[in-house]
Amino acid sequence: MSIIKRCKALFLSDALAWLAAVTVGSMIFIINSLLEIDVAPTLLYITLVFMSANVFSIPVFLTAAISCVVILTISFIVDEGYRDQRLIAGFVRCLIALTTITLLALRSKRATDTLRRKEAFFLGAQKLSHTGSVGFIPDDEKAVSWSDESARIFEYPLDAAPTIAMIRARTHPDDLPIVESVLQQAARQECLIEVEHRLIMPDGRIKYVQMIANPLFNHGGRIEYVGALMDVTASKHAEEALFHSQAKLAHVTRVTAMSELAASIAHEINQPLAAVIASGESCKRWINRPEPNLEEARRSLDRVIQNSCRASDVIACIRALSRQSEVQRKAEAFDEIVSDSLSLMQHDTASHQVRAHLQLGASGAYIQGDRVQLQQVIINLIINACQAMANVHDRPRTLRINTSINNNEAVLEVADSGTGIAEDILTSLFDPFFTTKHNGLGMGLSICRSIIEFHGGRIGVTSTVGLGTQFFFAIPLTALTHDEQSPSAVGFGV
Ligand code: ADP
């Protein structure tokens with residue numbers, strides 16, 4: 001409703017209230033002058049007090065109530081009621097009733113005003129924070145209530161009576177199972193229901209909402225859930241924008257890391273190429289014999305094809321690392337990502353005289369993510385580990401890379417026997433631009449953290465100065481869909 005319409009409605013209701021008050025007041029006056037003071041006029045005074053309590057502000061209401069008492073007293077005096085014992089008792093009864101009612105009405109008016117003010121604050125806060133209230137009773141599709149802000153979030157008219165069907169109609173088809181799971185949780189009377197899902201508006205716009213609800217009221221055995229619904233679309237978009245900027249920055253650091261990996265890359269490609277040449281030569285020899293051995297020649301050709309594929313995989317992997325591609329989210333075999341990353345680093349670790357031990361304990365574990373980004377995290381952890389061991393001369397330089405499955409998460413641990421990290425800087429490691437290296441950028445670990453968090457995981461570190469450091473990260477596992485179950489992994493093993 002527009003402000004002008006609201007003002008008009010307010011003015012009209014005020015005018016009607018005044019009219020009613022004047023009518024009741026005149027009736028009291030007439031009745032008072034005709035009848036003796038007793039119950040009937042008192043009831044009218046009480047009606048007037050209640051009316052003014054409902055429609056006027058506290059000062060006007062008090063003025064009306066005091067006026068009633070004054071009129072009552074004046075008519076008592078003018079009628080010389082004090083001469084009659086019975087009239088005095090009636091007057092005192094009226095006075096007590098009127099005062100008590102005035103005090104009670106005043107109390108309830110104050111409570112109502114406070115409630116109204118709180119409601120106004122609450123509605124304002126809901127509008128500003130894009131948070132609405134919702135209430136629903138499980139197993140009753142029509143027992144739904146919501147605040148104006150919730151109606152605005154769902155983009156329904158404010159006066160439309162909400163139903164579960166209306167909520168389903170606005171839910172993104174892919175997220176309908178989430179809404180159904182909320183209803184099932186409510187039917188099981190779970191203590192706290194917390195979900196995030198997408199809505200789709202009639203014009204195709206997507207909104208992200210978060211809902212949290214608790215079972216609060218019991219209506220004759222039927223539990224009502226009451227909670228809050230927040231439109232988090234803006235923060236989702238901001239998160240995405242931030243992630244894209246970070247992805248660009250990640251690309252820059254990846255390209256920087258590529259230059260450090262040049263020797264490893266050359267080695268990775270040289271190895272299969274040398275094997276191709278050797279197999280090609282031997283194939284030629286088998287054919288050039290006086291009696292050509294075609295079986296051996298065929299085997300040599302198989303090795304040529306195998307090694308050529310491997311070289312091509314290596315190049316594809318390097319191209320993927322250096323390309324600024326859009327973030328991909330695919331089901332990937334966790335162990336494969338780890339072993340491919342270490343493969344790329346093999347020459348690098350060797351040149352740092354680091355012995356790498358790889359223990360893969362997450363076979364069959366798949367995660368939903370971007371292979372290139374995760375490889376970047378692992379490569380970064382390995383480069384840091386090698387650098388941390390560069391000054392270690394009194395003990396073997398060992399790098400242990402373990403994968404495992406724990407609590408429905410794929411876990412990677414990268415442990416080195418390097419210099420270790422002092423406890424006071426341990427908490428700053430993941431801060432952007434934190435570095436202790438004179439030529440360091442300090443972005444590596446910060447990017448690692450945002451990549452892992454983007455994958456719904458967490459990253460951490462423990463360290464002992466003089467003994468070494470262990471970095472770990474954990475990413476939720478994913479189940480393979482039917483289409484993803486056909487093997488298509490490209491990579492090169494250790
Ligand atoms: P940069 O390598 O450019 O300094 P990072 O974000 O990768 O940036 O690392 C931040 C800091 O964390 C490093 O400067 C170093 O002090 C510390 N650090 C990271 N990994 C290790 C490690 N394995 N051992 C010791 N210190 C480490």
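- In terms of the ring pair (Phe, Tyr, Trp, His ring centres under 6.0 Å) criterion, Phe471 has no residue partners (sequence neighbours excluded).
- Ionic pairing of Lys109 and Asp113 is present here: one or more N-O contacts between side-chain nitrogen and carboxylate oxygen are shorter than 4.0 angstrom.
- Between Phe334 and Phe473, the angle of the ring planes goes over 60°, which puts this pair in the perpendicular group of the 30/60° scheme.
- Residues Gly468 and Ser463 share a closest heavy-atom pair of O-OG, 3.2 Å.
- Between the side chain of Asp175 and the main chain of Arg198, a donor-acceptor pair closer than 3.5 Å is present.
- The salt bridge (charged side-chain N to carboxylate O under 4.0 Å, His left out) test applied to Glu196 returns Lys236, not counting sequence neighbours.
- Distance alone, capped at 3.5 Å, places no donor-acceptor pair between the Asn214 side chain and the Leu216 backbone.
- No hydrogens or angles considered: a donor-acceptor pair under 3.5 Å links the side chains of Asp231 and Thr233.
- Annotation: side chain to side chain contact (heavy atoms under 4.5 Å, CB included) contacts of Ser300 (sequence neighbours excluded): Ser282, Cys283, Trp286, Arg303.
- The shortest distance between side-chain heavy atoms of Thr469 and Thr419 does not fall below 4.5 Å.
- No more than 12 heavy atoms of other residues, nucleotides or ligands shown are found within 6.0 angstrom of CG on Asn407.
- Rounding to the nearest 0.5 Å places CD of Gln184 at 10.5 Å from CG of Asp139.
- Minimum heavy-atom separation, Met389 to Thr398: SD-O, 3.4 Å.
- Using a distance-only test at 3.5 Å, with no hydrogens or angles considered, a donor-acceptor pair links the side chain of Asp203 to the main chain of Arg205.
- Of the possible polar contacts, one joining the Arg170 side chain to the Phe154 backbone as a donor-acceptor pair under 3.5 Å is found.
- Using bins of under 30°, 30° to 60° and over 60° for the plane-to-plane angle, the ring pair Tyr225/Phe136 lands in the parallel bin.
- Counted within 6.0 Å of CZ on Arg110, heavy atoms from surrounding residues, nucleotides or ligands total 12 or fewer; the atom is thus considered open.
- Atoms NE2 and CG, on His357 and Asn402 in that order, are 10.5 Å from each other to the nearest 0.5 Å.
- For the pair Arg371/Asp340, a side-chain contact is recorded, criterion being any heavy-atom separation below 4.5 Å from C-beta on.
- The shortest heavy-atom contact between Ala160 and Met166 is CB-CE, 4.2 Å.
- The distance from the CD1 atom of Ile367 to the CD1 atom of Ile475 is 5.0 Å, given to the nearest 0.5 Å.
- The backbone N or O of Leu399 sits nowhere less than 3.5 Å from a side-chain atom of Asp416 that would complete a donor-acceptor pair.
- With Ser339 contributing its side chain and Glu336 its backbone, the two residues share a donor-acceptor pair below 3.5 Å.
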Run the side-chain contact (heavy atoms from CB on, under 4.5 Å) test on Asn384 and Lys437 for me, step by step, so that the C-alpha distance in whole Å, both residues' side-chain angles and the decisive distance to 0.1 Å come before the verdict. CA-CA 10 Å; Asn384 276 349; Lys437 301 168 192 166; 2.9 Å; yes
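- Expressed to the nearest 0.5 Å, how far OG of Ser235 lies from NE2 of His237 amounts to 9.5 Å.
- When all heavy atoms of Pro215 and Cys191 are compared, the closest pair comes out as CD-O, 2.9 Å.
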Checking side-chain contact (heavy atoms from CB on, under 4.5 Å) for the pair Val134/Ile167: CA distance, chi angles, key distance, verdict? CA-CA 11 Å; Val134 281; Ile167 295 176; 5.9 Å; no
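- His455 places a side-chain heavy atom less than 4.5 Å from the side chain of Ile451.
- Looking only at distances, a side-chain donor or acceptor of Arg395 sits under 3.5 Å from a matching main-chain atom of Ser417.
- Other residues, nucleotides and ligands contribute at most 12 non-hydrogen atoms within 6.0 Å of the CZ atom of Arg355.
- Contact check for Pro173 versus Ile200: side-chain heavy atoms found under the 4.5 Å cut-off.
- One side chain, Thr462 or Gln470, offers a donor N or O that lies under 3.5 Å from an acceptor on the other.
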In sequence, state the C-alpha distance, the side-chain angles, and the governing distance for Leu412 and Ile337, and then conclude on side-chain contact (heavy atoms from CB on, under 4.5 Å). CA-CA 11 Å; Leu412 171 80; Ile337 300 179; over 6 Å; no
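- Here the side chains of Asn380 and Ile447 are not in contact, with every heavy-atom distance at 4.5 Å or above.
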I would like to know whether Ile452 and Phe430 meet side-chain contact (heavy atoms from CB on, under 4.5 Å); could you show each step before the answer? CA-CA 12 Å; Ile452 296 301; Phe430 296 96; over 6 Å; no
Go through the steps to decide whether Arg116 and Glu119 satisfy the test salt bridge (Lys or Arg N to Asp or Glu O under 4.0 Å), and finish with yes or no. CA-CA 5 Å; Arg116 275 201 193 128; Glu119 195 187 352; over 6 Å; no
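- Looking at Arg397, its side chain does come within 3.5 Å of a backbone N or O of Ala390 through a donor-acceptor pair.
- Going from atom CG of Asn293 over to atom CG of Asn288 covers 12.5 Å, rounded to the nearest 0.5 Å.
- For Thr171 against His197, the heavy-atom pair with the smallest separation is CG2-ND1, 3.8 Å.
- Within a 6.0 Å radius of CZ in Arg188, more than 12 heavy atoms belonging to other residues, nucleotides or ligands are found.
- Salt-bridge formation is detected for the pair Glu296/Arg299: a Lys NZ or Arg NE/NH1/NH2 atom is positioned less than 4.0 Å from an Asp or Glu carboxylate oxygen.
- Side-chain contact check for Glu149 versus Thr131: every heavy-atom pair is 4.5 Å or farther apart.
- In terms of heavy-atom proximity, Ser363 sits nearest to Asp335 at N-OD2, 3.0 Å.
- Using a 4.5 Å cut-off on side-chain heavy atoms (C-beta onward), Leu199 and Ile153 make contact.
- Considering only heavy atoms from C-beta on, Val226 stays 4.5 Å or farther from Ser133 through its side chain.
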